[in-house]
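Each remark here refers to the structure printed beneath this line.
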Amino acid sequence: MIRVHLDFESRSTVDIWKSGAWVYSTHPTTQILCLCYAIGERPVQLITKDELELGIIPDDFLECIRDKTIIFVAHNAFFERVMWKNIMAPRHGLAEVSLDRWRCTAAKACTCGLPKALDKVALALELSHKKDAEGKRIMLKMCKPRKAKKNEDPDIIYWHESEEDFEKLHKYCKQDVEVERAVDHKLPELTAVEQQIWILDQVINVRGVQIDRNAVENILNLIHEYEKELTLEVNKLTNGYIDKVSKRQRVVNWLEAQNVQVPNLQKQTVEDLLNAGLPKKVHRVLEIKQQLGKTSTAKYQAMMDAIDEGSRLRDTLVYHSASTGRWGGKLVQLHNLPKGIPGLNTDTACEILQEGDMIYAKSMYDNIMGTISSCIRGMIIPKQGYELLVADYASIEARVVVWLAGEQKAIKLFQDATKDIYVEMAKLIFNNPKLTKKDKTERNLGKQAVLGCGYGMGADKFKDTCATFGIIVSKELAKKAVDTYRQNYQAVKRFWYAQENDAIKAVRDGSCNQWKNTGEFLTCDLLSGRKLYYHRPRLDMVLTPWGEEKQAVTHMTIDAKTKQYVRTSTYGGKIVENITQATARDIMAWAMCRCETYGYKPILTVHDEIIAEMPIDTGSIEFFIKILTAPISWAKGCPIAAEGWKGQRYKKT
DNA sequence: CGTTCTCGCGCG
DNA sequence: AAAGCGCGCGAGAACG
């Protein structure tokens with residue numbers, strides 16, 4: 001099958017990082033500056049801006065468009081696709097290229113556990129084709145308007161467009177196509193199923209979610225008003241020293257001057273200080289810091305920046321963003337919306353806040369910022385005449401890990417609707433067979449153990465994790481909980497060691513059970529037919545956290561903290577976590593494809609949750625859940641369960 | 001002045 | 001025996 005690799009350079013008054021590729025591609029100021037393409041192994045060809053505008057398109061390229069068997073490949077193909085749909089076709093008169101003809105090299109890179117950016121992939125794969133650094137600088141200059149000079153009309157848009165800059169831009173674009181083609185050759189194709197999931201990802205990203213623009217605008221006014229009010233107060237309280245509570249250094253220094261030493265200004269630290277009976281003035285400053293510290297309110301602005309004219313927010317999902325295959329979020333990160341204040345009715349709160357009336361809002365709620373933050377989810381609504389259907393899988397990873405490990409006792413408990421696995425765990429931890437669901441404290445700890453201990457967590461970490469959920473446990477109790485999990489679910493424990501040993505053997509011998517070493521990648525076959533990839537595997541001696549030298553699998557990965565592509569080591573618990581998360585993702589991704597088929601059109605996914613939009617009363621939650629939990633050929637006996645609801649505003653139940 | 005790093009926050 | 005893991009974004013600080 002012939003592949004044509006292509007890349008656009010473009011310019012616009014729209015900031016693509018804030019508004020996303022869809023809004024960018026539909027904006028009237030957006031123009032294509034050049035297009036480079038390479039048919040098969042032939043040399044890269046250039047179509048300049050002038051040629052494109054005059055309709056001078058080479059015949060071989062026109063033939064590529066016409067011939068429906070020819071595949072179009074781009075890096076981050078979503079951009080090329082929407083530029084084609086919204087500019088190439090309507091403005092330059094070229095025929096459309098259907099979605100099934102597109103492939104994405106960024107998707108391939110992510111699938112293989114490589115960085116997503118083209119220059120970083122090239123570096124990771126040690127390709128001889130490198131991104132052109134000077135060209136990139138020129139591109140960044142040319143892609144946005146320049147400021148008007150003194151004697152120029154400031155109301156007109158000006159661009160950097162010297163002839164030599166254009167030449168460098170052309171060279172840069174050509175080079176990108178070369179790099180992209182080299183990356184494409186070096187990496188395996190997505191599996192047929194994954195290609196379908198990628199296509200669904202593209203559909204969902206174009207479909208987008210409806211945003212309640214009026215409410216967002218009015219709540220933004222409330223935020224600004226409240227920020228102004230509290231900032232003024234903190235200014236007064238500190239004699240002008242703290243002009244903004246977001247300036248951490250200033251706040252720490254001021255507190256120090258009031259004889260209050262703080263290690264940091266994290267949420268918990270501030271909360272503890274507020275309970276420490278500090279002088280009124282200090283207390284109030286911290287209170288204001290807490291109110292204004294909610295970065296989540298920035299999401300309202302992000303929404304305004306990214307929605308299109310019809311108030312639709314698109315292009316927020318990142319395919320295979322996590323190495324396990326999970327989606328990531330962008331623009332308005334919809335994957336970390338605050339759950340909100342427990343017990344608050346956000347449907348009602350949204351209706352009240354959307355009035356944009358501060359006096360009314362204050363009369364109804366004490367914690368204004370907390371309420372505003374709780375209402376962000378509610379800004380996602382269905383379009384006119386439609387309703388949202390929302391369903392999520394119940395504790396999916398805890399279920400998948402016991403199923404993968406073959407831990408029959410736990411599988412049966414998860415399957416048995418009359419039993420509660422958290423209570424059963426609590427009974428063992430507390431040596432008290434009489435515990436029931438009513439023993440909330442005990443059950444809660446059992447729940448934490450069931451949900452948290454599947455990947456080898458130790459007692460110290462377990463104690464900390466419980467604390468983040470507001471559950472305070474002693475070191476002894478934490479150890480008891482962890483030990484009980486391992487004792488009771490020994491198959492899970494064995495699973496950690498089995499996977500670690502298999503991975504090590506595969507690196508050494510080339511293969512072992514589902515693990516294979518191709519030299520470039522260590523892979524692990526998932527039951528779904530997909531693979532997990534670990535780049536440049538090696539066996540190295542590493543130092544364990546408890547100070548022992550040990551042989552371990554190491555591989556290249558993007559460090560979560562530093563964002564650098566570095567060698568890291570892995571071990572049984574972590575590998576099991578990867579396999580489990582990936583399997584849970586596949587269960588959901590397959591369900592999303594079924595949802596699409598049955599008309600339950602997904603508009604968003606949040607790891608274990610699917611949000612669909614349908615004309616009112618054309619779908620039922622019961623059927624939606626059936627779609628989510630339908631038997632899967634490769635997941636027989638996996639005890640999955642889901643629950644859901646429908647409504648006119650998104651929320652956390 | 002723009003870019004990159006770090007801290008802090010939020011989610012599953 | 002022993003090790004939870006996976007993300008992205010805003011704002012300020014640091015760097016060039």
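We name chains A, B, ... by the order of the sequence lines, and we start the count at 1 in each one. No hydrogens, no waters, no symmetry mates; every other heavy atom, side chains included, goes into these values.
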Between [N] and [X], is there an OP1 or OP2 to side-chain N/O distance shorter than 4.0 Å?
X        : N      : value
A/Lys267 : B/dG10 : yes
A/Ser321 : C/dG8  : yes
A/Lys247 : C/dA13 : no
A/Lys244 : C/dG12 : yes
A/Tyr319 : C/dC7  : no
A/Gln266 : B/dG8  : yes
A/Lys339 : B/dG12 : yes
A/Ser246 : C/dA11 : no

| said: Between B/dG8 and A/Arg248, counting only base atoms on the nucleotide and side-chain atoms on the residue, is there a donor-acceptor pair under 3.5 Å? | reply: no
Which nucleotide in [options] has an atom nearest any side-chain atom of [X]:
X        : options               : answer
A/Lys330 : C/dA3, C/dG8, B/dG12  : C/dG8
A/Gln249 : C/dA13, B/dG10, B/dG8 : C/dA13
A/Gln564 : B/dC11, C/dG6, B/dC5  : B/dC5
A/Gln333 : B/dC11, B/dG12, C/dC7 : C/dC7

| request: Over 60° means perpendicular and under 30° means parallel, so classify the ring planes of A/Tyr650 and A/Trp645, tilted if in between. | output: parallel
| query | In terms of ring plane angle, is the pair A/Tyr24 and A/Phe79 parallel, tilted or perpendicular, where the classes change at 30° and 60°? | reply | tilted
| Is a side-chain donor-acceptor pair under 3.5 Å present for A/Gln268 with A/Asp272? | yes
Roughly how many Å is it from [atom1] in [X] to [atom2] in [N], rounded to a whole number?
X        : N      : atom1 : atom2 : value
A/Leu604 : C/dG8  : CG    : P     : 15 Å
A/Glu397 : C/dC7  : CD    : P     : 12 Å
A/Trp17  : B/dT3  : CH2   : P     : 12 Å
A/Asp483 : C/dA1  : CG    : P     : 13 Å
A/Asp243 : C/dG12 : CG    : P     : 9 Å
A/Ile376 : B/dC9  : CD1   : C1'   : 11 Å
A/Tyr485 : C/dA3  : OH    : C1'   : 15 Å
A/Ile396 : C/dG6  : CD1   : P     : 19 Å

For residues [X] and [Y], determine if any side-chain heavy atom of one lies less than 4.5 Å from a side-chain heavy atom of the other.
X        : Y        : answer
A/Tyr455 : A/Glu397 : yes
A/Ile223 : A/Glu227 : yes
A/Phe78  : A/Asn205 : yes

| field | A/Ser323 or A/Tyr455, whichever maps to the more 5' nucleotide of DNA chain C | value | A/Tyr455
| note | Whichever of A/Arg326 and A/Gly456 has the more 5' nearest nucleotide on DNA chain C, that residue is A/Gly456
| Using centres under 5.5 Å plus planes under 30 degrees as the test, is A/Trp546 stacked with C/dA3? | no
| task | For A/Gln581 and for A/Gln268, find the nucleotide of DNA chain B with the closest heavy atom, then tell me which residue's nucleotide is more 5'. | result | A/Gln268
